[in-house]
Novice: 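Have a look at this one before I ask anything.
Just so it is clear, the model here is predicted, and its values are computed rather than measured. Each chain gets a letter, A, B and so on, in the order its sequence line appears, and its residues count up from 1.
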Amino acid sequence: MRARVFITPKQGVLDPQGKAVEHSLHSLGFKDVHDVRIGKYVELVLEATDRQGAEQQTDEMCRKLLANGVIEDYRFELTE
Amino acid sequence: MRARVFITPKQGVLDPQGKAVEHSLHSLGFKDVHDVRIGKYVELVLEATDRQGAEQQTDEMCRKLLANGVIEDYRFELTE
Amino acid sequence: MRWGVVTFPGSNDDHDTQYLLDHVLGQDVVALWHKDRELQGADCVILPGGFSYGDYLRCGAVARFSPIMEPIIEHARAGGFVWGICNGFQILCESGLLPGALLRNRDLRFICRPQRLRVEETGTPFSNQCRSGEILTLPIKHGDGFYIADPVTLEQIESNRQVVLRYVDASGRVTADGNPNGSINNIAGITNARRNVFGLMPHPEHAGEKGLGGEDGLKLFRSVMTAHAEGALGSAGAPTAVASGL
Amino acid sequence: MSKQTDPVSERDAIDHGLTTDEFAHICKVLGRNPNMVELGVLSVMWSEHCSYKSSRRHLKRLPTKGPRVLQGPGENAGVIDIGDGLAVVFKMESHNHPSFVEPYQGAATGVGGILRDVFTMGARPIANLNSLRFGSFDNARTRFLINGVVRGVGGYGNCIGVPTVGGEVYFDAGYNGNNLVNAFTLGIVRTDRIFLAKAAGIGNPVMYVGSKTGRDGIHGASLLASAEFSGEAEVKRPTVQVGDPFTEKLLLEACLELMQLDAIVAIQDMGAAGLTSSSVEMAGRGGMGIDLDLDKIPVREVGMTPYEMLLSESQERMLIVAHRGKEDIVERVFSKWDLDAVVVGTVTDDGLFRARFHGEEVACIPIPLVTDEAPAYDRPLEAPADNQANPLLALDQLPLPGDYNQVLLKLLDSPNIASKEWVYRQYDYLVRSNSIVVPGSDAAVLRVKGTQKGVALSVDCNSRYCQLDPYVGAMIAVVESARNVVCSGAEPIGLTDCLNFGNPEKPAIMWHFSEAINGIRDACNVLGVPVVSGNVSFYNETEGRPIPPTPTVAMVGLLENIDHHMTQWFRNEGDIIVMLGRTREELGGSEYLALQHKKVTGAPPWIDLAFEKQVQQVCLGAIREGLVQSAHDTSEGGLAVALAECCISGPGPVMGAAIELEGSIRPDALLFGESQSRIILSMRRRHLARLKELAGTDVPVHVLGEVRGRRLVIAPLIDADCEQLRRVWTTALPRRMESEAGEVLAAPA
Ligand SMILES: Nc1ncnc2c1ncn2[C@@H]1O[C@H](COP(=O)(O)OP(=O)(O)O)[C@@H](O)[C@H]1O
Ligand SMILES: [Mg+2]
C-alpha cells in the first residue's frame, strides 16, 4: 500500500520559507498570490495489506519521526 | 482559489533525505516500509477566479521558482 | 583588472572575498548590490558564499531572480568571467549558467573542515596557476554540496574536461572517504563548456593568508588575474592586454 | 475586546504567576485593580526571568568595575575597551527550557537572541560560543536533543554568517530532565559608536523594525523559564518560537548601516516579553515615559489583541527611539533591506507606560513599578544536609587500576573528554575570516581587523565540582576559562556568566547559587577580571529533580600582538615538555573517579587563587617572549589526558612523547587527578633557563620529558600508540551519535 503524507507548519507558527517564497513570487510578478505555506511531502510504500493497520502504522510514523508535533501538523492518504 | 503543489525528486535522482528517513524508520521498527521519497508541499491562495488562468499561473510558478526541473518533478491541484 | 563581488540578501562571505581581493591581493574591487542593474565595469564577477534568501525553498533558487543576475548572464554570454563560490555555485546552477544541481549533503549535516582537492584541469582561467594533479587544501563549509547531473550531462562535462576540482582523501586519491558530501565523481568544482563560468563548493577566499587556512586559495584568484592579463576574454568589452594589479 | 480593559481579580493574578502580596502591592500603587493587559505586562516583567527577583541581591556582590570597562551589567551586553578606539561587546544567555521542549528551534532562537543583544549596541558580531549540557547517553532522549540543539545552533549561526568558534559539551545524568543551552556572542564596536537602550527626548518617535508580530511564545521565555517542568512539558509547547536567521541577517545589516547615520537615540531588541520589555526598559533607563499606538504594530495574524501584541515573543524585531524628523532615514535604510520600519509611539515625560488600541487606552502603568520596584527577594538559603563535599574521599579504600593504558583509553573515550569535532564541524567557524585559532585548542583566537590585536575566548564550567562544592567549583570555572585564554597567548580582560540552577524557592538551591556567586567574585577579584554581563536561569528542575549547579562562565582575553597566539598541540620532535605547577594527591570529583570507580564524591581539586595567577603570569610571559611552542592547561582527565591531547589534537600527524614521572603520590592521582593551576608547555631546550628565571621561586617548573616518535610513553605506567589514542578520542562522539534515528526532518529542509 502507498502512503502520501503532507506535513505543514501549524497555524500561527511562523513559516520563514513561505514568507520568503511569497515575497519573491510577488517580485516575479505573481502579485495576487498570498498565504504561501511551505511544508514537506513524503511518499512511502507499506507492506501492510489491511487498510486499518496501514493507517495506524502511518500515523505512528508521522508522530514518531516524519512530523515535528511541536510546530507541524500532518495529514496522509493511503492508496492501494 | 487554493493551489496545492507537490514537488518530488525526479525518478532516478538520489534522495539523501528519503534514504536517511527510510533508515530511521527501519531502526524505529517500521521494518516493512520502503521507497521513501521526500519532497516539498506548497499551499498558496490565488486571487484568480477562472480555473484556466489559475492553472497557467500555478504551472508557471512551479517552472520558474517552486521546482527545479533538473532534479524535481511537480504536480498541483486547484480547489475553490 | 576590476573585480565585482555581489551582495545578495543573506550573502555572508561577500566581505571576506572583498577583503582578500583588496587587502591581500591589492586588487580593484567593487561591491555589487543585488538590486543593481549594471556591473560597474567588473571583469570578473564573484557570487559569494552565504545563505542568499536564507536558502529557503532551494539554495540559490530565489537569488537567481535578482536584478543583478541579468547583467551577469549578459556578461557570461559575452565571455566575461563569472565565478560562484559555495552559495554562488548553487545560484549559477539554478540560473542555468552551469549544468547540474546541488542537493543536501549525503549525511544531511552541515560540514565545516579543511578539504583536500585535486586539480583536474588547468586549462581554465580559474586554474591556470595550478599544476595538473596538484593537491590543494581549501576549507569547505556547506550543507548542500552534493553535486549531481543527469548521466548525459555528466558524460559531457567529464569528456569536455569541465571538472576543475575533485574531493580527494589524505593520500590524494578520489575515494568515497575523501568525498565529504556524496558528490558524483567527487566533483567539487566545474566550469561551463566555454570555461568562462566557474563554480565550486570549497572556499578559496578562506585560504588566502598564512595564518588563516593557508594560501592555496590565492592560486585560483591569481589564475583569473593571469588570464585577464593575457587577454583572455574578461570584461564584456574587447579583450584587454593591460596587466593591472599584477 | 473591552474585556481586556476590565479590572482583574486576584485569581487572575495568581494564574499569571504573581503572589498575593505582589498583586496587593500593584493595586496599592495603581490605586485600582489592573486590567488584563496591565496584568500581562506586570506579570511578565515581574517574572523571575525578566526581574531577577531571586538573584538581584546576590549579583550585586560581583566585581563589575575596571579601567577597561565601558559598560557593565544593566545594558543589553557588557562593553570592554581594547584600545585603538575599539571595544568588545559580549554577553551569554541561556535558552534551556525552550531547547528542551523543541531542541532545534529552542537552540536556534537562543543564538538569535544573544546576537541581537550584541548588535543592538552597535557592534558587529564576530564570534559565537555555545555551552551545552545533556543527560547521559543511556537516556532515550539525549541523542535526539543533541542532534536538534547542535543543528539549531549551527542552523542559525551559519545562516546569519557569524562564526561559532568554540564552546563546551558535557554529559551527566543530572541533565536528563533539563538540558542546558548557553549561547555567547562577542562583537566589535568603535568606542565612539556605542548605542545604549536609554530613551530620551520628549516627542521623539518610537519605531518598530523587523519581523511582524504573531502569537509566538506568548509568555514563552519569561514564564517557561520561571517555573519548573511538570514532567509533561508538552503542555507548554504552543509557546515555542520559530527562528528566521535570514530576516535577522537583514536586521543586523540594516541596524549597523543605520547606526552610521546618527538618526537614532536608543535601540533595544525585543527579546523575552517582546514589545513590553523593550519599551518599558528603554523608557525606564532614560527616566521617561512611553506612549504606544497598538493599531500601528505590524501583525502577522488577524484579530490580535493588545494583550497578545504586548506579550508576543516573535523573533527578529527591534524597537528604536529615533530623532524627531529622522524617521525617513530609518525607513529608507530598512526598506533597502526589505524590512518594515513603522512609528508606533512617542517618548513622553510623564514616566508612564501607556498603550492605546482602537482609540481606547488599554494600559497605563507607572514605569518604575514595572522596573525598579519589581520585587526583589532575599530567599532563605541553607546548605543541603547531604552536601556531598563532606564525605571526604578515603583514598586508601580506592583500589589502584591494573592497566593504566586501559584507563587512559577509557578516559579518552568518555564523551566529556573526547574530541568535540563531531559538534563543531557542523558550525561555520571561518566566516568573516578572523579565525586564527579554530575550535580544537584551549581557546579560540580571532584577529581584530585593522589592528595588531586579537581576542581569545573560552567558556567553561565543571558542574561536578560545583555539585560537590559550589564555591570552589565556581572559582575553578573562572580560573580554568582564564587559563585556557592564557594558554592561547591572551590576557583575561573580562567575563560574562550564565548561572543555571534549580528552583530558587528551595533553600538548598539558593545556597548553591549564593556560594557560586561568592566563588566567581573571589576568583575574579584575584585575577582582576570584571564581570560585565550575565544571565540567570532558575527552575532547571523536572519533577523536583534539579540540575547540578552550573555557573557557566565565558572569559574574553586580549592579545596586544596577534603573532603571540598559541595552540595546545606539540609541534616539533625534540622539544622538551615542561609542566608549570604542582600535582597534589587528589581525585575528588574527577572524571577518573566517576568512570573507573563509579563515584562522584570527595572534595573538588584544591585551588589557591594567588598561586593560580602566578602560574598564568609565568605562562603568558613565556609565550610573549617567544619561548613556547605549545601550551595546554590540564583539566578533566588530568595530566595523562592533557599530555595525550598535546600529542593527538593537532591538525597534522600525531606526535609522541617520552615522559618520566617521578613523585611520591599514588600513580592514579599522578596520572588522572585533576589538580588545578597546571599548564603543559613544549619548548626548545635552550629556552628552559629563561623560563626558570620567569618562574622564580614561586612557580615550580618540572621537565617531564620530550616530544619524541609516535608513542605516548609515561614511564613506567603508560605506553600507547598515539594513532590508537587519536582514533578512540575522535570517534567517541560520532560512534555514539551514529545510531541516531529520527529528527532527520525536524530541521527545516
Ligand atoms: N559546543 C561546542 N561548539 C564549538 N566548539 C566546541 C564545543 N564544545 C567543545 N568545543 C571545542 O572543543 C575544544 C575542547 O573543548 P573542551 O574539552 O571543553 O576544552 P577545555 O577542556 O580546554 O575547556 C575547544 O576548542 C572547544 O572550543
Ligand atoms: Mg583547556
Side-chain angles (χ1 to χ4, degrees), chain A residues 1-11 15 17-50 53-68 72-79, chain B residues 1-11 15 17-50 53-68 72-79:
Chain A
M1 207 166 310
R2 173 175 298 282
R4 304 165 68 229
V5 183
F6 313 94
I7 300 152
T8 49
K10 270 196 161 63
Q11 258 319 319
D15 174 17
Q17 290 210 81
K19 197 172 112 196
V21 168
E22 179 164 326
H23 184 270
S24 78
L25 282 171
H26 290 163
S27 50
L28 280 176
F30 301 99
K31 296 264 180 275
D32 65 357
V33 176
H34 52 88
D35 293 352
V36 178
R37 307 282 284 172
I38 299 197
K40 303 190 191 83
Y41 173 59
V42 183
E43 281 179 353
L44 50 84
V45 177
L46 286 158
E47 282 318 325
T49 46
D50 71 303
E55 275 190 8
Q56 271 186 12
Q57 222 185 359
T58 311
D59 191 68
E60 204 182 330
M61 289 190 274
C62 290
R63 276 185 288 100
K64 280 209 172 137
L65 179 70
L66 300 180
N68 176 353
E72 295 173 326
D73 294 327
Y74 65 87
R75 283 184 307 100
F76 60 86
E77 298 163 0
L78 292 174
T79 52
Chain B
M1 206 166 305
R2 171 176 301 283
R4 305 164 69 227
V5 182
F6 314 92
I7 300 154
T8 47
K10 262 198 163 55
Q11 270 316 323
D15 174 15
Q17 257 191 309
K19 261 185 67 200
V21 169
E22 183 163 326
H23 171 104
S24 304
L25 285 171
H26 289 164
S27 52
L28 283 174
F30 302 98
K31 297 269 179 264
D32 67 354
V33 176
H34 52 89
D35 293 349
V36 179
R37 308 283 284 171
I38 307 240
K40 299 196 187 72
Y41 173 59
V42 182
E43 280 179 353
L44 50 83
V45 177
L46 288 158
E47 282 317 327
T49 45
D50 72 300
E55 276 190 7
Q56 271 184 12
Q57 223 185 2
T58 312
D59 191 67
E60 200 182 332
M61 287 190 272
C62 291
R63 274 186 290 99
K64 266 197 157 160
L65 178 66
L66 299 181
N68 174 347
E72 296 170 324
D73 295 326
Y74 64 88
R75 283 183 307 101
F76 60 85
E77 298 163 0
L78 293 173
T79 52

Novice: For the NE2 atom on H26(B), are there more than 12 heavy atoms of other groups (residues, nucleotides or ligands in this structure) within a distance under 6.0 Å?
Specialist: yes
Novice: Checking heavy atoms, do the side chain of L46(B), its backbone, both or neither come under 4.5 Å from chain A?
Specialist: both
Novice: Quick check on E60(B) against chain A: is it the side chain, the backbone, both or neither that has a heavy atom closer than 4.5 Å?
Specialist: both
Novice: When heavy-atom pairs shorter than 4.5 Å are enumerated against chain B, which of V33(A), I38(A), T8(A) gives the highest number?
Specialist: V33(A)
Novice: Centroid-to-centroid, F6(B) to Y74(B), below 6.0 Å?
Specialist: no
Novice: For K19(B), enumerate each residue passing the side chain to side chain contact (heavy atoms under 4.5 Å, CB included) test, keeping only those at least two apart in sequence or located in another chain.
Specialist: none
Novice: Heavy atoms only, distances under 4.5 angstrom: which of D32(B), I7(B), V42(B), L44(B) has the most pairs with chain A? Name it, please.
Specialist: D32(B)
Novice: Taking atom CG of D50(A) and atom CD of E55(A), what is their separation to the nearest 0.5 Å?
Specialist: 9.5 Å
Novice: Can any side-chain N or O of R37(B) pair as donor or acceptor with the backbone N or O of P9(B) at less than 3.5 Å?
Specialist: yes
Novice: Non-hydrogen atoms of chain A under 4.5 Å away: do they reach the side chain of R2(B), the backbone, both or neither?
Specialist: neither
